Amino acid sequence: MKRFYVVLLLLLPPLLVCQKSEPVAKIPTLKLVQAYPVEGPPNIQPSGLTIWQDTLVTVSDKHDDTIFKIILK
């Protein structure tokens with residue numbers, strides 16, 4: 001528990017300084033352009049995306065030991 005308070009005390013001053021600085025640029029709203037199916041169980045919940053050997057692949061929070069291929073049709 002002491003570590004939590006130490007980390008909090010170390011992070012709090014920079015956060016307070018950031019509050020007073022210039023406003024952050026507005027983040028643009030994202031728009032879905034196209035969706036692709038992912039092979040696997042219905043509850044896959046993809047959480048990462050990369051290209052491996054010219055193929056889009058994803059990992060899942062629910063299936064730690066599997067890499068899923070995304071099929072582009």
Side-chain angles (χ1 to χ4, degrees):
M1 193 69 176
K2 286 183 181 180
R3 286 185 181 177
F4 171 76
Y5 290 119
V6 170
V7 170
L8 184 64
L9 289 174
L10 289 174
L11 293 178
L12 191 58
L15 290 175
L16 294 174
V17 171
C18 289
Q19 296 284 336
K20 297 177 183 177
S21 64
E22 296 179 17
V24 179
K26 185 177 177 184
I27 299 173
T29 304
L30 298 178
K31 181 178 130 181
L32 177 64
V33 175
Q34 194 165 3
Y36 298 103
V38 178
E39 289 181 348
N43 63 346
I44 186 173
Q45 294 184 0
S47 63
L49 181 66
T50 191
I51 297 175
W52 181 69
Q53 295 183 351
D54 295 329
T55 304
L56 278 172
V57 294
T58 187
V59 293
S60 169
D61 289 335
K62 293 208 174 228
H63 307 280
D64 296 347
D65 58 345
T66 308
I67 297 174
F68 298 93
K69 178 170 67 170
I70 298 177
I71 300 170
L72 304 176
K73 292 184 178 182

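What you see is a predicted model; the values in this text were computed from it and never measured.
- Panel note: side chain Ser60, backbone Pro46; no donor-acceptor pair is recorded below 3.5 Å.
- Note: the hydrophobic cluster containing Val57 does not contain Ile44 (ILVMFWY, side chain heavy atoms under 4.5 Å, direct or indirect links).
- Each of Val59 and Leu56 belongs to its own hydrophobic cluster when Ile, Leu, Val, Met, Phe, Trp and Tyr are linked at side-chain heavy-atom distances under 4.5 angstrom.
- Taken from CG in Asp61 to CG in Asn43, the straight-line distance is 11.0 Å, to the nearest 0.5 Å.
- Thr50 OG1 to Ile67 CD1: the interatomic distance, rounded to the nearest 0.5 Å, is 9.5 Å.
- Rounded to the nearest 0.5 Å, atoms CD1 (Ile70) and CG (Leu49) are 5.0 Å apart.
- Atom NE2 in His63 sits 10.5 Å away from atom OG in Ser47 (nearest 0.5 Å).
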